[in-house]
Amino acid sequence: MKEVPVVLLRLKRACRQYFRNNWLLGLILVIFFMAGLIFGAIGAKSLDQGMKNELSNTMQNFITKVPGLSLDKKAAIKGSLVQNMYVILTMYILGLSVVGGILVPVLVFTRGFTLGFTVGFLAYDQAWKGVLLSIVSVIPQNLIFIPVLLISGMFTLTFSVFFAKSRFMFREFEAGRPALFYTVGMGCAAVMTGAGCLMEAYITPSLIKYSIALLF
């Protein structure tokens, strides 16, 4: 029993050392994500009037139908798990290749752009009501998804760099421990992603219903 706290303590130290050594990669990913948010919000504002009207009509139809909708939560969580686990699996595979160092920032930027566009359009279309609606519909699950995305992106980048060094520098690298740390880290990211999916399927829909009933 005493071995468990020792293992947890070693794991905590290893994680602390890892983030201390790779904080710059994390900062780069945060910059890409923030850039995606900004460009997404700009993109929502820059839509032509026809596209704005079409999206606005879609939003109005959604707002009108929400009170009477009955969500299949099992189907919702299944869809959320498939979508988000696909991202984690893709990042894991990218870490096993040299191109991972290039594509991961693009993936992070894309997620930021999507989020920025969604929140930006809600704000532009519904003003302060759209801001409140985005807070309850978009932000809750992304409080889990986004940190997990950034941390798993760090894992992917560092292992991709390690892989590139071992392949192109013609030097012997001990791959067992880094590969184990990478796999365990991505496994933890998958578990946390599952928690976000539960929130998206079971909590967020209720928040959306209540907020629409109060605001519209």
Practice task
Kindly indicate, with the supporting measurements, whether the criterion side-chain contact (heavy atoms from CB on, under 4.5 Å) is fulfilled by L115 and L37.
Solution key: CA-CA 6 Å; L115 187 60; L37 280 177; 4.0 Å; yes
Exercise for the section: Check step by step if ring-ring contact (aromatic ring centres under 6.0 Å, His included) holds for F33 and F109. Expected result: CA-CA 5 Å; F33 178 74; F109 177 89; 9.7 Å; no
Handout entry: Chi angles and distances behind the side-chain contact (heavy atoms from CB on, under 4.5 Å) call for Q126, V131
Key = CA-CA 8 Å; Q126 301 292 332; V131 174; over 6 Å; no
Practice task
Test F39 against F117 for ring-ring contact (aromatic ring centres under 6.0 Å, His included), laying out the working first.
Solution key: CA-CA 8 Å; F39 278 98; F117 183 92; over 10 Å; no
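Within the model, atoms CG of L133 and CG of L207 stand 10.5 Å from one another, a figure rounded to the nearest 0.5 Å. With rounding to the nearest 0.5 angstrom, the CG atom of L89 is 12.5 Å from the CG atom of N84. Of the inter-residue distances, the one linking M154 atom CE with I28 atom CD1 reads 10.0 Å to the nearest 0.5 angstrom. Rounding to the nearest 0.5 angstrom, the gap separating the OG atom in S137 from the CG atom in L132 is 10.5 Å. Within the model, atoms CD1 of I146 and CD1 of I151 stand 11.5 Å from one another, a figure rounded to the nearest 0.5 Å. Interatomic distance, L150 CG to L27 CG, rounded to the nearest 0.5 Å: 11.0 Å.
In Q83, the CD atom is not crowded: 12 or fewer heavy atoms of neighbouring residues, nucleotides or ligands sit closer than 6.0 Å. With a 6.0 Å radius and a threshold of 12 heavy atoms from other residues, nucleotides or ligands, F121 has its CZ atom above the threshold. A 6.0 Å sphere centred on CE of M59 holds more than 12 heavy atoms belonging to other residues, nucleotides or ligands. Annotation: Y210, atom OH; neighbour count of heavy atoms from other residues, nucleotides and ligands within 6.0 Å does not exceed 12.
Within the 6.0 Å centre-distance limit, the rings of F155 and Y18 are counted as a close aromatic pair.
In the hydrophobic clustering of ILVMFWY residues, with side-chain heavy atoms under 4.5 Å counting as a link, I102 and L157 come out apart. A single hydrophobic cluster is not seen to contain both I93 and F159; linkage of ILVMFWY side chains at heavy-atom distances under 4.5 Å, directly or through other members, places them apart. Cluster membership for I38 and V30, using ILVMFWY side-chain heavy atoms within less than 4.5 angstrom, is not shared. Residues Y202 and M85 share a single hydrophobic cluster, defined by chaining ILVMFWY side chains whose heavy atoms lie under 4.5 Å apart. V106 and V161 end up in different hydrophobic clusters when Ile, Leu, Val, Met, Phe, Trp and Tyr side chains are linked at under 4.5 Å.
Closest approach of G196 to Q141, counting heavy atoms only: O-CB, 3.8 Å. The shortest heavy-atom contact between T204 and P140 is OG1-CB, 4.1 Å. In plain terms, the two heavy atoms of L81 and G194 that are nearest each other are CD2-CA, 4.1 Å. In terms of heavy atoms, S97 sits closest to S160 at O-OG, 2.9 Å. V104 and L29 get closest at one heavy-atom pair: CG1-CD2, 4.1 Å. Shortest non-hydrogen contact noted between V119 and S134 is CG1-OG, 3.9 Å.
Side-chain contact between R111 and V87 is present, with heavy atoms from C-beta onward closer than 4.5 Å. Between M91 and L103, every side-chain heavy-atom pair lies at or beyond the 4.5 Å cut-off.
Screening residues 74-93 for ring pair (Phe, Tyr, Trp, His ring centres under 6.0 Å), with sequence neighbours left out, gives Y92-Y182. For residues 20-43, the side-chain hydrogen bond (donor to acceptor under 3.5 Å, both in side chains) pairs, not counting sequence neighbours, are Q17-R20, Q17-N21.
Side chain of N142 to main chain of F145: no donor-acceptor pair is present (N/O by atom type, distance under 3.5 Å, no hydrogens or angles). Of the possible polar contacts, none joining the S80 side chain to the A76 backbone as a donor-acceptor pair under 3.5 Å is found. A donor-acceptor pair is defined here as one N or O able to donate and one able to accept, closer than 3.5 Å; such a pair exists between the side chain of K52 and the backbone of K45.
Side chains of D125 and S56: a donor on one and an acceptor on the other come within 3.5 Å.
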